[in-house]
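What you see below is based on every heavy atom in this structure, not just the backbone, and it leaves out hydrogens, waters and symmetry mates. Proteins get letters first, then strands, A, B, ... in listed order; numbering begins at 1 in each.
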Protein chains: 2
Amino acid sequence: MDDSHPEDEAEQGAYWARRAQLLNAAVDHVAGHGIADLSLRGLGAAIGVSHRMLIHYFGSKEQLLVEIVRTSERRQRDVLSRLRLEPGLSPADVARLLWRQLTAPRLAGQQRLFFEICGHALRGRPEAALVLEGLVTDWLEPLVAAEVGAGADPALARNRARLGLATVRGLLLDLLATGDRAGVDAAMEEFLRLYYGSE
Amino acid sequence: MDDSHPEDEAEQGAYWARRAQLLNAAVDHVAGHGIADLSLRGLGAAIGVSHRMLIHYFGSKEQLLVEIVRTSERRQRDVLSRLRLEPGLSPADVARLLWRQLTAPRLAGQQRLFFEICGHALRGRPEAALVLEGLVTDWLEPLVAAEVGAGADPALARNRARLGLATVRGLLLDLLATGDRAGVDAAMEEFLRLYYGSE
DNA sequence: TCACGACTGTACCAATCGGTACATGGCGCA
DNA sequence: TGCGCCATGTACCGATTGGTACAGTCGTGA
């Protein structure tokens, strides 16, 4: 065992830069090929290093998976934070914008990975377990805050936010499974009509 | 290779009875322990046979997984068909009844397995691929038929059915992840209010 | 120039996997 | 009773896995 990182965290040198680069490449590969039958050798060959290096930089497959899940989660949340909200948009329009972002074909691999990780997390796999905590609550709070800020009753807003989140996830799963974008979009429009009232 | 089943399908002897018994035990075990890291040896030890027997009765791990997925799917659908619909129930009450059935703690393992299989299917795993076809359409048609039978516009009924199915699945995932039954139930009530109108 | 330390690859290990060959046991039938 | 067939278990095989030991490469400072 000759593996020890030169500086202990919180300092970016060539080591951590390389590590971050490998991690990003790993997430890309996993988003495209799945996490279920991932092997260090296969991943290494795909991103151009030996499996030895993955162990070197991440300690073990388990820890690598933890980092992959965490990074994938952060990417997912960035979709929300990158929303450019022009003033004057109705809540329904904001929701439409977010929906279009989430269902962009470019993110399909990432979304598949999300459901795949959910499946693993529901089985208590440690690398995915931390996702379960934030799977609902992390998304609920900003949504609730938005509705309450618009003058809604907090308790009702919480139920509505939870409902909206669940519906988006359900329709996303539908879209990934069937690929029927028109049908799923129509169902989403119907939901927005119910949710924000007819227009 | 000395494996050949005595009669070719469509005849139930001791062979097929034993096979069905093993399959049911396998589905039970998989519902409780997951399908991701299933091994023939581990499964065999859990249900009291050698892994050799699983190969004997199912040909290969792949075919066993196909049968497990199919059986689990059939069980899931049986929940719907076992609904005893007393006349005089409002559509919202029927939905509530179905929701309570689907979220019964007894079925939690089965529901986890459902999402786990979805994750595998989205990656093109052949044993789960056949699920993707029926994941939406198989459930949509009876729901659409029910709404159309009640006098709804067919196109609108399709969108509404698709929406309802997605919402149920999304809330089910929420429930499995958070275990917050009260919160998820409240969100479901909010959905029913939007869906069927206030009462 | 030389030594040192970080980075990386090759070769290897024990464990486990799905699948197979072969031996055993127990039942029905003549 | 003895023959044969089917169910089952044991032992094994090659492939693959995560992880490790060791050696080589290369830039850098004395």
Side-chain angles (χ1 to χ4, degrees), chain A residues 1-9 11-26 29-30 33-69 120 123 125-128, chain B residues 1-9 11-26 29-30 33-69 120 123 125-128:
Chain A
M1 169 90 80
D2 59 343
D3 293 344
S4 63
H5 29 70
E7 290 130 66
D8 218 348
E9 305 266 352
E11 173 113 1
Q12 72 214 35
Y15 179 88
W16 293 97
R18 176 82 170 129
R19 190 185 135 105
Q21 170 195 354
L22 289 181
L23 180 55
N24 266 300
H29 178 262
V30 166
H33 296 77
I35 204 178
D37 51 1
L38 181 74
S39 75
L40 294 182
R41 282 173 169 81
L43 174 60
I47 68 180
V49 294
S50 68
H51 78 288
R52 167 70 178 79
M53 297 315 319
L54 296 173
I55 296 287
H56 174 74
Y57 280 104
F58 299 96
S60 69
K61 182 185 181 182
E62 195 64 32
Q63 291 173 260
L64 171 59
L65 285 177
V66 169
E67 302 259 23
I68 287 176
V69 168
H120 287 215
R123 290 301 172 184
R125 287 281 283 268
E127 79 273 5
Chain B
M1 169 88 82
D2 59 344
D3 294 345
S4 63
H5 30 68
E7 290 129 65
D8 218 349
E9 306 267 353
E11 173 111 0
Q12 71 215 36
Y15 179 87
W16 292 98
R18 177 81 171 129
R19 188 184 136 110
Q21 170 194 354
L22 288 181
L23 181 55
N24 267 300
H29 179 263
V30 165
H33 296 76
I35 204 177
D37 51 1
L38 181 74
S39 75
L40 294 182
R41 281 173 169 83
L43 174 60
I47 68 179
V49 294
S50 69
H51 78 287
R52 167 70 177 78
M53 287 291 94
L54 295 173
I55 296 286
H56 174 74
Y57 280 103
F58 299 97
S60 70
K61 182 186 182 183
E62 195 63 32
Q63 292 174 261
L64 171 59
L65 285 177
V66 169
E67 301 259 22
I68 287 177
V69 169
H120 287 214
R123 289 300 172 185
R125 287 281 283 267
E127 80 273 5

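Judged by distance alone, with hydrogens and angles left aside, A/Arg41 brings a side-chain donor or acceptor within reach of the base of D/dG18, the pair sitting under 3.5 Å.
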Begin with the C-alpha distance, continue with both residues' side-chain angles, and end with the deciding distance and a verdict on side chain to side chain contact (heavy atoms under 4.5 Å, CB included) for B/His120 and B/Glu127. CA-CA 9 Å; B/His120 287 214; B/Glu127 80 273 5; 4.1 Å; yes

For A/Leu38 and A/His29, what are the C-alpha separation, side-chain angles and deciding distance, and is it a side chain to side chain contact (heavy atoms under 4.5 Å, CB included)? CA-CA 10 Å; A/Leu38 181 74; A/His29 178 262; 4.2 Å; yes

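Using a 4.0 Å heavy-atom cutoff across all strands shown, A/Leu38 reaches sugar-phosphate atoms only and no base atom.
For the pair B/Gly48 and A/Gly59, both in contact range of DNA chain D, the more 5′-proximal nearest nucleotide belongs to B/Gly48.
We find that CG of B/Leu65 is positioned 14 Å from P of C/dC17, with the value rounded to whole Å. As a whole-Å value, the separation of A/Lys61 NZ from D/dG18 P is 4 Å. Per the geometry, CD belonging to A/Gln21 stands 13 Å off P belonging to C/dC7, to the nearest Å. Residue B/Leu43 contributes atom CG, which lies 13 Å from atom P of C/dG19 at whole-angstrom precision. One interatomic measurement links the two molecules: CG of A/Leu40 to P of C/dG9, which rounds to 14 Å at whole-angstrom precision. The interatomic distance linking B/Glu62 (CD) with C/dC17 (P) rounds to 17 Å, in whole Å. If you take CZ of B/Phe58 and C1' of C/dG18, they are 16 Å apart, rounded to a whole angstrom.
With D/dG9, D/dT8, C/dT20 as the choices, the nucleotide that has an atom nearest any side-chain atom of B/His56 turns out to be D/dT8. Of the candidates D/dG9, C/dC7, D/dT17, D/dT17 carries the atom nearest the A/Ser39 side chain, counting heavy atoms from C-beta on. Looking at the side chain of B/Arg52, the nearest of the listed nucleotides D/dT10, D/dG18, C/dG19 is D/dT10. Minimum atom distance to the side chain of A/Arg18 is reached by C/dT8, of the listed D/dA7, C/dT8, D/dG19. Nearest to the side-chain atoms of B/His51 among the listed nucleotides D/dA11, D/dA21, D/dG9 stands D/dA11. Comparing C/dC7, C/dG19, D/dT8 by their closest approach to the side chain of A/Tyr57 singles out C/dC7.
Between A/Tyr15 and A/His56, the two ring planes are perpendicular [angle over 60°; tilted spans 30° to 60°].
When all heavy atoms of B/Ile47 and B/Leu54 are compared, the pair lying nearest together is CD1-CD2, 4.2 Å. Closest approach of B/Phe58 to B/Gln63, counting heavy atoms only: O-CB, 3.1 Å.
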